[in-house]
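Nothing here was measured: the structure is a model prediction, and the numbers come from that model.
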Amino acid sequence: MDLQPLIPLAVGVLVVAAVALLFLAVGRKGEGRAAERLDVLVGRNVRKESSADLLLKQALQEADKRSFLDRLTPEAFNLTRVFEQADVNIKPSALFGIALGLAAVGAALSVWAVNLYVAPVGGVLCFSVPWLWLYAKRAGRLKKFAAQLSDAMELVARALRAGHSLAAGMHVVAEEMPPPVSKEFARVYEEQNLGIPLEEALKGMCDRVPNLDLKFFVTSVAIQRQTGGDLAEILDRIGHVIRERFKILGQVKALTAEGRLSGVVLIALPIGLFLMMLHMKPDYVEALWKDPMGVKMSIGATVLMLIGAYAIKKIVDIKV
């Protein structure tokens with residue numbers, strides 16, 4: 001029986017299933033954003049996360065850890081912490097299911113467009129797309145938090161000079177500043193209202209947000225509560241250091257822009273040339289996966305490209 005006519009039908013079914021999974025995963029998030037915008041337009045106060053909301057969110061995360069798809073993921077990766085750092089409204093099990101669906105779609109498209117030998121490559125590439133999106137969301141949120149931290153430090157210092165307590169200063173940050181820094185400080189404020197010691201709540205924020213400047217802030221607060229001192233002056237100095245670091249980091253990025261662009265071109269050029277030849281003359285590149293020597297050359301070229309990309313990244317990634 002010839003199964004060739006059934007391949008496009010199978011690909012279409014898989015694509016529809018993947019689109020449905022994506023719609024179910026992110027549809028509610030869009031509705032929530034629309035509701036928040038309507039509340040702002042009509043002048044209604046946007047609802048803050050209360051203590052009960054925090055407890056309910058943690059309970060749901062603990063319950064989701066026991067799901068079947070989460071048991072398939074390696075224990076070495078703390079997916080709950082990564083999702084918490086990315087602040088995405090999707091469960092780890094749901095994203096894992098979407099990744100499996102996209103992997104099936106990628107493998108089917110590879111079989112239909114090229115041949116069976118390319119199916120694992122297409123499946124792996126499509127499987128990695130949701131995780132790359134998660135990593136980009138996490139990196140963007142952590143970067144935005146680092147950019148807002150200096151203003152938060154100065155705001156807390158002004159609240160301390162005005163006679164407020166440290167917890168009240170954090171509440172001011174939660175009320176006046178935009179997310180993500182407002183959400184993290186609001187969580188610390190709610191946790192200490194629930195009876196958790198302030199040092200433990202701040203340590204939990206450090207675990208959720210891996211930022212060196214934030215660790216300086218938490219350490220200075222812990223030392224000041226034990227030995228005393230002018231915490232407002234310390235926070236001002238930390239904010240000044242953060243601003244100077246961002247200024248130097250901008251200069252470093254400007255100086256290393258050429259090297260980063262060269263790395264992108266050197267990595268994308270072989271891949272683009274391979275895809276162009278695969279479209280224009282497929283029989284010319286078939287030897288890369290049909291001939292044993294071609295397979296060895298493909299593996300060697302991939303390994304050398306990864307080594308070159310890592311070397312370029314280490315050269316242009318200067319710590320400030």
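Residues Phe127 and Leu102 form no side-chain contact, since every pair of their non-hydrogen atoms from C-beta on lies 4.5 Å or further apart. Inter-residue side-chain proximity for Met170 and Met205 is flagged as unmet; no heavy-atom pair is nearer than 4.5 Å. The shortest side-chain heavy-atom distance between Leu95 and Phe83 falls under the 4.5 Å cut-off. Between Phe145 and Leu214 there is a side-chain heavy-atom pair separated by less than 4.5 Å. Looking at heavy atoms from C-beta onward, Ile312 lies out of side-chain contact with Ser262 at the 4.5 angstrom threshold. With contacts defined as side-chain heavy-atom distances shorter than 4.5 Å, the pair Val156/Leu166 qualifies. Residues His164 and Val172 are not in side-chain contact: their nearest non-hydrogen atoms beyond the backbone lie 4.5 Å or more apart.
Both Met280 and Ile271 belong to a common hydrophobic cluster when Ile, Leu, Val, Met, Phe, Trp and Tyr are linked at side-chain heavy-atom distances under 4.5 angstrom. Follow the hydrophobic side-chain contacts under 4.5 Å out from Trp131 and you reach Leu100 in the same cluster. Hydrophobic clustering (side-chain heavy atoms under 4.5 Å, transitive across Ile, Leu, Val, Met, Phe, Trp, Tyr) groups Leu273 together with Ile267. Residues Leu212 and Met153 share a single hydrophobic cluster, defined by chaining ILVMFWY side chains whose heavy atoms lie under 4.5 Å apart. Hydrophobic cluster membership differs between Leu266 and Val264, with clusters built from Ile, Leu, Val, Met, Phe, Trp and Tyr side chains linked at under 4.5 angstrom.
How far OG1 of Thr219 is from NZ of Lys203: 11.0 Å, rounded to the nearest 0.5 Å. Distance CG/Leu275 to CE/Met277: 11.5 Å, rounded to 0.5 Å. Between the CD atom of Gln226 and the CD atom of Glu199 there is a distance of 7.5 Å, given to the nearest 0.5 Å. Going from atom CZ of Phe96 over to atom CD1 of Ile90 covers 13.0 Å, rounded to the nearest 0.5 Å. We find the CG-CG distance between Leu198 and Asn193 to be 10.5 Å, quoted to the nearest 0.5 Å. A distance of 7.0 Å separates CG of Leu155 from CD of Glu176, quoted to the nearest 0.5 Å.
Remark: Arg237 CZ is loosely packed, at most 12 non-hydrogen atoms of other residues, nucleotides or ligands lying under 6.0 Å away. A 6.0 Å sphere centred on CE of Met305 holds more than 12 heavy atoms belonging to other residues, nucleotides or ligands. The number of heavy atoms from other shown groups lying within 6.0 Å of OH (Tyr135) does not exceed 12.
For the pair Ile196 and Ala201, the tightest heavy-atom approach, listed with the atom from each and the gap, is CG2-N, 4.1 Å. Ala86 approaches Leu134 most closely through the heavy-atom pair CB-CD1, 3.7 Å. Across all non-hydrogen atoms, the minimal contact from Val181 to Ala152 is CG2-CB, 3.9 Å. Ala232 and Leu160 make their closest contact through N-CD1, 4.0 Å (heavy atoms, listed as atom of the first residue, atom of the second, distance). In terms of heavy atoms, Ile238 sits closest to Ser220 at CD1-OG, 3.8 Å. Closest heavy-atom contact between Gly259 and Val316: C-CG1, 3.9 Å.
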> Stepwise, does the side chain to side chain contact (heavy atoms under 4.5 Å, CB included) test hold for Val188 with Arg208?
Replying inline: CA-CA 11 Å; Val188 173; Arg208 294 190 303 271; 4.1 Å; yes
> Would Arg245 and Asp213 count as a side chain to side chain contact (heavy atoms under 4.5 Å, CB included) if you check the C-alpha gap in whole Å, the side-chain angles of each, and the deciding distance to 0.1 Å?
Replying inline: CA-CA 10 Å; Arg245 180 180 296 177; Asp213 299 316; 2.8 Å; yes
>> Between Gln85 and Asp207, is the side chain to side chain contact (heavy atoms under 4.5 Å, CB included) condition met? List the steps.
In response: CA-CA 9 Å; Gln85 292 173 352; Asp207 294 335; over 6 Å; no
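The only option from Asp230, Leu231, Leu235 that meets the side chain to side chain contact (heavy atoms under 4.5 Å, CB included) definition with Gln224 turns out to be Leu231.
Considering only residues two or more places apart in sequence or on other chains, Gln148 meets the side-chain hydrogen bond (donor to acceptor under 3.5 Å, both in side chains) condition with none of them. Listed by chain and number, the residues in a side chain to side chain contact (heavy atoms under 4.5 Å, CB included) with Ala287 are Asp291 (sequence neighbours excluded).
Within the 3.5 Å criterion, the main-chain N or O of Lys253 finds a donor-acceptor partner in the side chain of Arg260. Of the possible polar contacts, one joining the Gln192 side chain to the Tyr189 backbone as a donor-acceptor pair under 3.5 Å is found. Under a 3.5 Å cut-off, the side chain of Ser298 and the backbone N or O of Leu288 do form a donor-acceptor pair.
Between Glu191 and Arg187, at least one side-chain N (NZ, or NE/NH1/NH2) sits under 4.0 Å from a carboxylate O, which counts as a salt bridge. Between Glu84 and Arg81 there is a salt bridge, since a side-chain N of the basic residue sits under 4.0 Å from a carboxylate O of the acidic one. We find that Glu244 and Lys247 are joined by a salt bridge, their nearest charged nitrogen and carboxylate oxygen being less than 4.0 Å apart. Arg161 has a carboxylate O that lies under 4.0 Å from a charged side-chain N of Asp236, or vice versa, which qualifies the two as a salt bridge.
Using cut-offs of 30° and 60° on the angle between ring planes, the pair Phe217 and Phe185 is tilted.
Chaining together hydrophobic side chains whose heavy atoms lie under 4.5 Å apart places Ile299 alongside Val295, Val303, Ile307.
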